[in-house]
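Read through the structure below, which is laid out as C-alpha cells, and then see the notes.
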There are 2 protein chains.
Amino acid sequence: MICPFCRYEDSRVIDSRPSDEGSSIRRRRECTQCGSRFSTSETAVLSIIKRSGATEPFSREKVINGVRKACQNRPVDDDDLALLAMRVEEALRSTGQAEIEAQEVGMAILPPLRELDEVAYLRYASVYRNFSSLEDFEGEIALLRALPIEKSEIESESQVASPQLK
Amino acid sequence: MICPFCRYEDSRVIDSRPSDEGSSIRRRRECTQCGSRFSTSETAVLSIIKRSGATEPFSREKVINGVRKACQNRPVDDDDLALLAMRVEEALRSTGQAEIEAQEVGMAILPPLRELDEVAYLRYASVYRNFSSLEDFEGEIALLRALPIEKSEIESESQVASPQLK
DNA sequence: AAAGCAACCCCAATATCTAGGGGTAAGAGT
DNA sequence: ACTCTTACCCCTAGATATTGGGGTTGCTTT
C-alpha cells in the first residue's frame, strides 16, 4: 500500500478494526519509509453493469440523485436519502453478486422508497417501470393499498442471519 | 469481513494483490461458513470537508460533474474527464492529509484542467475564483500567456519519488 | 490476430496482521 | 454536563496473510 505522504510502496498495519458492523475493515498503517501514518478501509467490491455493458463501482450518490428528483416538495431530507441509499447498498450486497445490473439497483430502490414516501415511490415507479397511462398509476395504487408495507427483505433476512453475529 | 452471501462474519484471504499501481490492495476472500468467494479492495481514506463542516468521501464523479459544465462544446470527452479526475485524486492523496477542505479540491482541479483545455479552464476559474469583471478575465489570460504550461506538481513530484518504486 | 491487462485459480514459506486487552480525546446527541 | 461513539494510541502471542512462483480466461486495444 503506497504511502500517501512520500509515495513509498510499503507500509505496515498498526491497528485494525472491523467497522460498519463488520462490512468493512478499517486499518491504521505506518509507512515503512517516512514513518507517517494513514488510515485505509477494506470493502467488498460492488460493481454495477450499466446498460452499455460498461461496469462501474456502486455509488450511493447516484442512487440519491436518482431518487432526489422523485422527492421534490416531499418531506424527505438528505438524511433520509442517505439512509435509503445505505439500505439499497445493503440489499445489493446481501445478494452476494460482485456485479449487478443497473436495473437491479432500480428494483432495490423501490421497497425502501415506499417506506420513506409513497408519493415519491409512485413518481419513481412511474419512470422506472415506464408507466404509460393513468391506468398504470391506478393499478400501482391498488397494489399499494392491497399490500401492507412489509419490512424490506434485507431487514427480515438480516434478522434471521444476525443471531450468528456477536 | 462479513460474507456478502450468507452474512457470516468471518472470511479468509485466498489471494492478495496490489492494484492501481500499488495505491490499493485487492483481496480474494472465502467465507469460513458457506465457502463462497468474493473480492475486496483496500484503499486509503480520503475525506472531503464541505463548507457546511460535514465530511464525505472524495468522489471522482463529483469532480467530473463540476468540470463537465465548464467543458460544454469543447473537445473534451468522458475519458479526458475521467483522467482529469484521476489526476486530481492523485494530487490530493499525495498531500497526505486524510481530510481535505472542499476548496482544496477546487484548487487541485485547476492545473490539470489547464493542460486539458484552456477555454474550459478559464470558465472554471471564472466561477471558482469569482471573477467579477472583464479585467479579471484579461488578467487570467495574461497569466496564462506568461506562464508556460508546466507539468502539474503531482507528475513532476512523482518523477522524483518514483525511482524508489519497482 | 496477437498482445496486454485484469480477475480468476493454485501452492508454500515466513513475515505480518489480528484479536483481545486496555487506554485517551474529541464531537455529537441528550 | 454527561454519555455515546469514533478515531486515535499501545501491547502480545498465535493465526493468517503475503509474496513469488505458476497458470487460465475473457475483454480491449493495437
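Predicted, not measured: the structure shown is a model, and the values here were computed from it. Convention: sequence-line order gives letters A, B, ...; per-chain numbering from 1.
Of the side-chain N and O atoms in B/R28, one or more sit less than 4.0 angstrom from OP1 or OP2 of C/dC9. Residue B/S39 places no side-chain N or O under 4.0 Å from the OP1 or OP2 atom of C/dA7. Between B/R37 and C/dC9 there is a side-chain polar atom (N or O) within less than 4.0 angstrom of OP1 or OP2.
Taking atom CD1 of residue B/I14 and atom P of nucleotide D/dT19, one finds them 16 Å apart after rounding to whole Å. We find that CD1 of A/I25 is positioned 10 Å from C1' of C/dC17, with the value rounded to whole Å. Taking atom CZ of residue A/R27 and atom C1' of nucleotide D/dA7, one finds them 16 Å apart after rounding to whole Å. Across the protein-nucleic acid pair, A/R17 atom CZ and D/dC10 atom P stand 13 Å apart, rounded to whole Å. Atom CZ in A/R29 sits about 12 Å away from atom P in C/dT16, given to the nearest Å. A straight line from CE of A/M1 to P of C/dT16 spans 16 Å, rounded to a whole angstrom. A/R12 places its CZ atom 20 Å from the P atom of C/dT14, with the value rounded to the nearest Å. Rounded to a whole Å, the CG atom of A/D10 is 12 Å from the P atom of D/dT18.
Residues A/D77 and A/D80 meet the side-chain proximity criterion, which asks for heavy atoms closer than 4.5 Å.
Taking the six-membered ring for Trp and thresholds of 30 and 60 degrees, B/F131 and B/F137 have ring planes more than 60 degrees apart, a perpendicular arrangement.
Nucleic acid contact class of A/S16 (heavy atoms, under 4.0 Å, all strands): sugar-phosphate only. Across all strands, B/S19 comes closer than 4.0 Å to no nucleic acid atom at all (heavy-atom distances).
Toward the 5′ end of DNA chain C lies the nearest nucleotide of B/R26, the other residue of the pair B/R26 and A/P18 mapping further downstream.
There is a side-chain donor-acceptor pair under 3.5 Å between B/S19 and B/S24. There is no side-chain donor-acceptor pair under 3.5 Å between B/T40 and B/R27.
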Steps toward side-chain hydrogen bond (donor to acceptor under 3.5 Å, both in side chains) verdict (B/Y128, B/Q103): CA-CA 9 Å; B/Y128 174 69; B/Q103 204 185 217; 4.6 Å; no
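With hydrogens and angles left out, the side chain of A/D15 and the base of D/dC8 share no donor-acceptor pair within 3.5 Å.
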